[in-house]
Structure formats: C-alpha cells, structure tokens
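Structure first, commentary second.
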Amino acid sequence: MTSTVPNAVQHTDAQPPITMFGPDFPYAYDDFLAHPAGIGQIPATEHGAEVAVIGGGLSGIVAAYELMKMGLRPVVYEADRIGGRLRTVGFEGCDTALTAEMGAMRFPPSSTALQHYIDLVGLETKPFPNPLSPATPSTVVDLKGESHYARTIDDLPPVYREVMDAWNSCLEEGADFSDMNRAMRERDVPRIREIWAKLVEKLDDQTFYGFLCASDSFSSFRHREIFGQVGFGTGGWDTDFPNSILEILRVVYTEADDHHRGIVGGSQQLPLRLWEREPQKLVHWPLGTSLSSLHDGQPRGAVTRLDRTAGNRVTVTDATGDIRTYRAAVFTGQSWLLLSKIACDDALFPIDHWTAMERTHYMESSKLFVPVDRPFWLDKDATTGRDTMSMTLTDRMTRGTYLLDDGPGKPAVICLSYTWCDDSLKWLPLSPKERMDVMLKSLGEIYPGVDIRKHVIGNPVTVSWENEPYFMGAFKANLPGHYRYQRRLFTHFMQDRLPADKRGLFLAGDDISWTAGWAEGAVQTALNAVWGVMAQFGGATDPTNPGPGDVFDDIAPVELPEG
C-alpha cells in the first residue's frame, strides 16, 4: 500500500505504465524526446539567432538547452538563482551532504519527460518516504489529540479504510476513474478525450469539497474531515478543498501523487547540470558548447521591462539598464511577475490572455528543515517496540513531518513541517527559530518521551514561497470556473492563431501547464515553447516525429463556450 488513501485502481508491473501526458492534452512528450530524429530543426540561415529566455528555473533551462541544440543562441535572464523552485540548500556549518529541498522534493514515475532529463544528466533517484509508503518505516496519524501508529493502512482504525473506500467510490461514481485510468495506460487518445470532455463541461464550476459532498460515499462529515486531514498519497488535502475538482482529477488520473522518488543529492542539480552540459548532438555550435559557455558562466540578471517594438520584436530591459531586442522570447517565470515586478507593454499579449494571467490563483506553501546528528527515529522504544518517531500526519500546526536519512549513524534531516495555504500563512510572521520552537512543541505533544531538540546540530532553514519576491506563491491551482483561463495560457504557443503583432513572446513554466505543482508541467510547456520558437524561425519537425504543435488540432484541450 503506497498511500494513505490510494487510488481506486491498483495496478501491476505487467500493465502499461501511466504518463503525465493528459487528460487535457494527451501528447506523448516522452516519445517526442526519445525519437532519433530529434525534436526539430531550423533553416541554416537562422543559426546563431538570439532568443531571450526569461527565467532560469527548470522550464527556462530546458527551453534554452533545446533551443541551443537547434542552433539558436538562447540568452537566459535570471533574477535570483538557476533552479527556480528546484531549490536545494545546505545547513551552515554542517556536512555539505546534508541538504534540504525548499521546493520540489518528490517526483512521480509518471513524470516521463522530466525523467528524460534526469537520466540525461546522470542523476539518481530513490523512493521518497511519504506516509505509509514502502520507503517509510512507520507513520503516525495524529488527529484530535489521538495518535495511531501504522506501517500499513491495515494498522489504522477501520474508519481510515472506510475513508479510503469512500474516495475510491467517489472517483468511480463521479469521474469515471477506472475507464480513464485504462485509457491513459493504453494511450487511447479518443477515449481520453471523450471522457474528459464530458467531465470538463460537468465539473468546471465545482470545488473539490463540493465534489466530495455531492457523493453519497462522503455523506458523513467525519469521513470528509478525516479525508481532508489525512488525504491520499502525500497527506492531507483540505487546503485544496476550495480549488477546482478538475485540478485534483488531473493528479489522480496521472498518478502524480503516487510512488514518489527523490533526487539523490537534491533536485537543483538537474537545471544546474543542464546549464553545464555539452551536448554531443547539436547544430551550428562546436562540440564543447554549453549554456554556461554561451553566457561566460553566468546568466544575465533580472528583467525589469518588456516592450513590443517595431517589426513585432520583443525588447528586453534588464536590471543593469541593458536593452536588447529579439525576434522571439520565452517567458518562464510565474505569470504574476508580468503584472507586478516587470513593467510590461500592454501590446505583448491579447487582452484575454492578460485577463487569464490576472485570474491565476496561487497556493501558498512553507517548509522548515533541521539537521540532526543521526536518524534517531529508528531507535526502538523499549516498551512498545515501535520506532521512536515516525513520518507524522496531524491536524496540529506542523501538519506533515518527514524524516530523511542516508543510513544508520549518518547525519540526517527532518522536515519538521510542510504546509500549504492558510496553514502556511500562519507561519509567515515567525522567524525560523520561532517556527522551529512552535513545531517542536507540537511534535512534543505527539511524542512526549522524545527529545528532538537534543539531536539538532544546526540552525533551521525555512521558506514561505508566498513571501519570495520572484514567486509570490508556490504553484498555481485553478479555482472553479478557471478552465477557460488555463486553456488560453497553455495554448498560447500556437501563435498562428494570434494577430501578427501579438506573436513572438511565448509563455512556459509550471503555471502555464495543466499540472501545476509538478515539474513535469514545467518541462512539457518548455517543449511547447521550443516548438513555437522553431516555427517562428521557419523550422519544422521531422515527419516521423511530429511535435505538440503539429498534432494540436487533433488533441487540443476541450474548448468551453465563452458566451
């Protein structure tokens, strides 16, 4: 059993693996990347042409890397550090092997395009210790002051299995889960589109909580409360209750919340290694060329202004006052930056795209990590025989506590708290030490005989993504009625449908994707933007490997009426 409340369909290794390629746009990005013909080419006359790539997170670095391979010259702008929300930090004064993942820290196997790049740069992954997963020695569920110790869901009181069964029934009755799961495994695009079209029309105005309440399976408030606090896969989902149920269905259909793996040594290595990587197959540039070498080691600084200029060019001003004009640019930061920190010409986008960006809803999120001398939680209690401490889900302030180690006797890390939305905002006014003190007090009430503090060997590190100046939130999460807005942003790379004076600037990144909060969405939208830039320069894909724009009309996201 790999999750507290697992998905309705359990599968075996003999079944086809699922991939996070739908249901809105069921395109096989993993096959596109793996094809020997490559992902496209541009005319030789365009080799060396500059393309601005604004944002050095995963989406920006993937886009820049692929554009470089095509023979273009990406010019990367980054206001802070390469990596974006793939941010791995150390602890001052501690072994450099001890790290904390301030952003993305767990990745599902269904992220197949992401895995392409993980493999490309030679990174290793290992199972992530989610609640009740095989990688987690034990889990404690603590609700309303009552704690339950478990290794599997069968160790929990019967009400938890009732909640699991209610969720499975809810998915079957209200969302055709088994049919969609089967269609996605078989990559049956017509069937995926048939099921999803009906659900989008039916559920676009429904919240996650409303979806639960509409099901006979969740007629009990107590069951809904437990489900919100304990949830499935990674823990409680009550912070998502106000969001569109379509957001949640994308997660469960694609198994985004299951079988997670972490990147050994930290996720930020992925964009950093792509930045330094010298491709063996590239056009125009000599062997030994990398993004780093094209930039003399460092990306350009923060973008402060974007303008639409003569000839449908995009003009970029950076923090040094330098002004450069490009025939194409890719913007990969969170779209709110175009409404706040970057001065933008209204002519950059059609008005309905500006509206979509203004309506984007972001989730707050905070974490706090401490380094400890060893994985003391594996010590056995002399009386009960249980682990001294466990991965912990609770309705107390900490909500989710994760225990991360590299083996017995070695220094280890505890994520004392990982929270979202209102729970995250509660931490915002507190300093790192104040946060740690409150968290240790809460955990002390769950583990009264355990002195966690005596094992701490360094200062805590923390993040509140809503307070980060270049993010203003952790990730997008659509509210009911936002499907149309998301469709506009995702499909923006198809610029032959735009007026000529609105082309050349391409949107990409996590919040442009249908699967925000997952690195796979950042990769997929980067590849969409690369296809768009290629088309802008008169290029094309190989006929045997059509790109996302080539097949767009066959698999375009459902279009709801605007009237």
With side-chain contact (heavy atoms from CB on, under 4.5 Å) as the criterion, how do Leu498 and Gln495 come out once you've worked through the C-alpha distance, each side chain's angles and the decisive distance to 0.1 Å? CA-CA 5 Å; Leu498 298 178; Gln495 299 204 348; 3.9 Å; yes

Is a salt bridge present between Arg191 and Asp176, judged by a nitrogen-to-oxygen distance below 4.0 Å?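 Salt bridge between Arg191 and Asp176, a charged N being under 4.0 Å from a carboxylate O: no.
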
So, applying side chain to side chain contact (heavy atoms under 4.5 Å, CB included) with Leu114, which one of Leu270, Asp119, Asp30, Val62 is it? Leu270

Any side-chain donor paired with an acceptor under 3.5 Å for [X] and [Y]?
{"X": "Arg81", "Y": "Tyr470", "value": "no"}
{"X": "Glu101", "Y": "Thr88", "value": "yes"}
{"X": "Asp423", "Y": "Tyr418", "value": "no"}
{"X": "Asp542", "Y": "Thr544", "value": "yes"}
{"X": "Thr515", "Y": "Glu520", "value": "no"}

With distance as the sole test, does Glu66 use its side chain to make a donor-acceptor pair with the main-chain N or O of Gly40 at under 3.5 Å?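 Flag not set: sc Glu66 to bb Gly40 has no pair under 3.5 Å.
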
With a 3.5 Å distance limit and no angle check, can you tell me whether Ser111 reaches the backbone of Phe107 through a side-chain donor-acceptor pair?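 Not a single qualifying donor-acceptor pair exists.
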
Whether Phe493 and Phe552 hold their rings parallel, tilted or perpendicular, with breakpoints at 30° and 60°: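 Judged by the thresholds at 30° and 60°, the geometry between Phe493 and Phe552 is perpendicular.
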
Would you call the rings of Phe208 and Phe241 parallel, tilted or perpendicular if under 30° counts as parallel and over 60° as perpendicular? perpendicular

Min side-chain heavy-atom separation Arg488-His492 under 4.5 Å: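 With C-beta onward as the side chain, the pair stays apart.
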
Hey, does Leu527 have a side-chain heavy atom less than 4.5 Å from the side chain of Leu33?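 Heavy-atom side-chain distance check passes, below 4.5 Å.
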
Derivation of the salt bridge (charged side-chain N to carboxylate O under 4.0 Å, His left out) call for Arg85 and Asp511: CA-CA 12 Å; Arg85 279 161 290 173; Asp511 62 352; 5.8 Å; no

I'd like to know whether CD of Glu201 has more than 12 heavy-atom contacts from other residues, nucleotides or ligands below 6.0 angstrom.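 12 or below, so no.
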
Row check, Phe349 ring normal vs Lys502 NZ/CZ: under 6.0 Å, within 45°: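 That pair does not qualify as a cation-pi contact.
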
Aromatic centroids of Phe490 and Trp514 separated by under 6.0 Å: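 Distance test on ring centres: under 6.0 Å, yes.
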
Against Trp336, only a single residue in Phe475, Tyr362, Phe471 fulfils ring-ring contact (aromatic ring centres under 6.0 Å, His included); can you say which? Tyr362

